[in-house]
There are 2 protein chains.
Amino acid sequence: MKLTSKGRYAVMALVDLARFNNINPVSLRDISLRQGISLDYLEQIFSKLKKNEIVKSIRGTQGGYVLNKNPNDIKLTNIFHAVDEKVKTVQCKKESKKGCNGKATKCITHNLWDELEIHINTFFENKSLKDLLNNNKETRV
Amino acid sequence: MKLTSKGRYAVMALVDLARFNNINPVSLRDISLRQGISLDYLEQIFSKLKKNEIVKSIRGTQGGYVLNKNPNDIKLTNIFHAVDEKVKTVQCKKESKKGCNGKATKCITHNLWDELEIHINTFFENKSLKDLLNNNKETRV
DNA sequence: ACATACCTGACTAAAATGGTCAAGTTTGGA
DNA sequence: TCCAAACTTGACCATTTTAGTCAGGTATGT
């Protein structure tokens, strides 16, 4: 049960972006240098963030990315969803009428995994980018 | 962020085992058939559960496995730990004096991932095998 | 016109996953 | 005594996922 680096990087990059957001667009190159994330990889990530309308892009010299929403309205759920970081605890389809394991009934621990999924997702739904900004001010370098 | 089948199977198998535990040792073959898990794979899993003293084995004909503790004292944490299902949200070592990303300081979102890890682990620490047994009686086949 | 920065898609090495396979050993019962 | 049931151990492997790299673009401010 582990977080992928895509999800982790997306959040790191957005927190970085949010910090400098007020003045000018922030280039991926700057984020790459500050956060130690490969530029090429960041581009993949921001392409998805853009498609999901979490950021806007400004092309050309002095261009970069800008948040497309208020930090308070960007939840971890939104970010993770954008970069395909999903919480998957069960193998079986949720909607399917069929049970798990190809059997007719739900698997013996089905309810447990559902509970776990909800437990984790709740955490993601309740954390916004703004929370992270505030939380980080204390330990700011 | 997903649960591995090793962790999932371990819990399923133990719930199955706990149900029939009172009478006789339960053979992996039976669990395999009932839960639709490969016998060879179950053997790998039970080898680990045994090493962690969650189950006891009884060899020979009519042999099988038995719980080594009260279902109330077997938490999900114990099971997951036994089969190496770990919750990993950060890349960086917890103990290491060095920060994340090879930099001197903690990464910008370090506290967040720690919080998340705690959030998930709390869930695992509070669920015991007994909870699952009770919970399952209702939907029992 | 040129440097900066976004944009896109193909490609890939390495690790993790989810098993299988083979060859035992132990023990109860016929 | 001998066999079959069941545990035991360790090697092996195909597939998928991860975590990127690489090689080209295109747009735009100066």
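Nothing here was measured: the structure is a model prediction, and the numbers come from that model. Residue numbering restarts at 1 for every chain, and letters A, B, ... go by the order of the sequence lines.
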* **Length of the line joining Arg29(A):CZ and dC7(C):P, which is rounded to integer Å** => 18 Å
* Asked: According to the interplanar angle, ranging from 0 to 90°, do the rings of His119(A) and Phe123(B) count as parallel (below 30°), tilted (30 to 60°) or perpendicular (above 60°)?
  -> tilted
* **N or O in side chain of Ser57(B) less than 4.0 angstrom from dT8(D) OP1/OP2** => yes
* Structure fact -> Between Asn121(B) and Val87(B) the two heavy atoms that sit nearest each other are OD1-CG2, 3.6 Å
* Asked: Would you find more than 12 non-hydrogen atoms of other residues, nucleotides or ligands less than 6.0 Å from Glu43(B) atom CD?
  -> yes
* **Separation of dA15(C) P from Lys88(B) NZ (nearest whole Å)** => 13 Å
* Asked: Is Phe20(B) close to Asp16(B) at the side-chain level, that is, under 4.5 Å between some pair of heavy atoms?
  -> yes
* Using whole Å, report how far CD1 of Ile45(B) lies from P of dG18(C). => 10 Å
* Looking across every strand, which nucleic acid part, if any, lies under 4.0 Å from Val55(A) by heavy atom: base, sugar-phosphate, or nothing? -> nothing
* Lys48(A) and Ala82(A): which non-hydrogen atoms are nearest, and at how many Å? -> CB-O, 3.5 Å
* Structure fact -> Taken to the nearest whole Å, CG/Asn24(A) to C1'/dA5(C) is 14 Å
* Structure fact -> OG (Ser5(A)) and CD1 (Ile45(A)) are apart, to the nearest 0.5 Å, by 7.0 Å
* To do: Measure the distance from CE on Met1(B) to C1' on dT18(D) and round it to the nearest whole Å.
  => 15 Å
* **Asn68(A) CG - dC6(C) P separation (whole Å)** => 16 Å
* Are the side chains of Lys6(B) and Asp84(B) in touch, meaning some heavy atoms are under 4.5 Å apart? -> no
* Asked: Between dT17(C) atom C1' and Glu85(B) atom CD, what is the distance in whole Å?
  -> 11 Å
If you look only at distance, which donor and acceptor atoms sit under 3.5 Å apart when one is on a side chain in residues 63-73 of chain B and the other is two or more places apart or in another chain?
| residue | atom | partner | partner atom | Å |
| --- | --- | --- | --- | --- |
| Asn68(B) | ND2 | Glu53(B) | O | 3.1 |
| Asn70(B) | OD1 | Asn72(B) | N | 2.9 |

* Structure fact -> To the nearest angstrom, the CG-P distance between Leu3(A) and dA16(C) comes to 16 Å
* To do: Go through the steps to decide whether Lys50(A) and Ser47(A) satisfy the test side-chain contact (heavy atoms from CB on, under 4.5 Å), and finish with yes or no.
  => CA-CA 5 Å; Lys50(A) 192 188 167 189; Ser47(A) 159; 5.9 Å; no
* Check every strand shown and say whether Phe46(B) touches a base, only sugar-phosphate, or nothing at a heavy-atom separation below 4.0 Å. => nothing
* When you check every protein heavy atom under 4.0 Å of nucleotides 20-30 of chain D, what one-letter string (B, S, -) results, 5' to 3'? -> BBB--BBSBB-
I'd like a table of atom pairs between the protein and nucleotides 13-17 of chain D - only N or O on both sides, under 3.5 Å - with the distance next to each one.
none

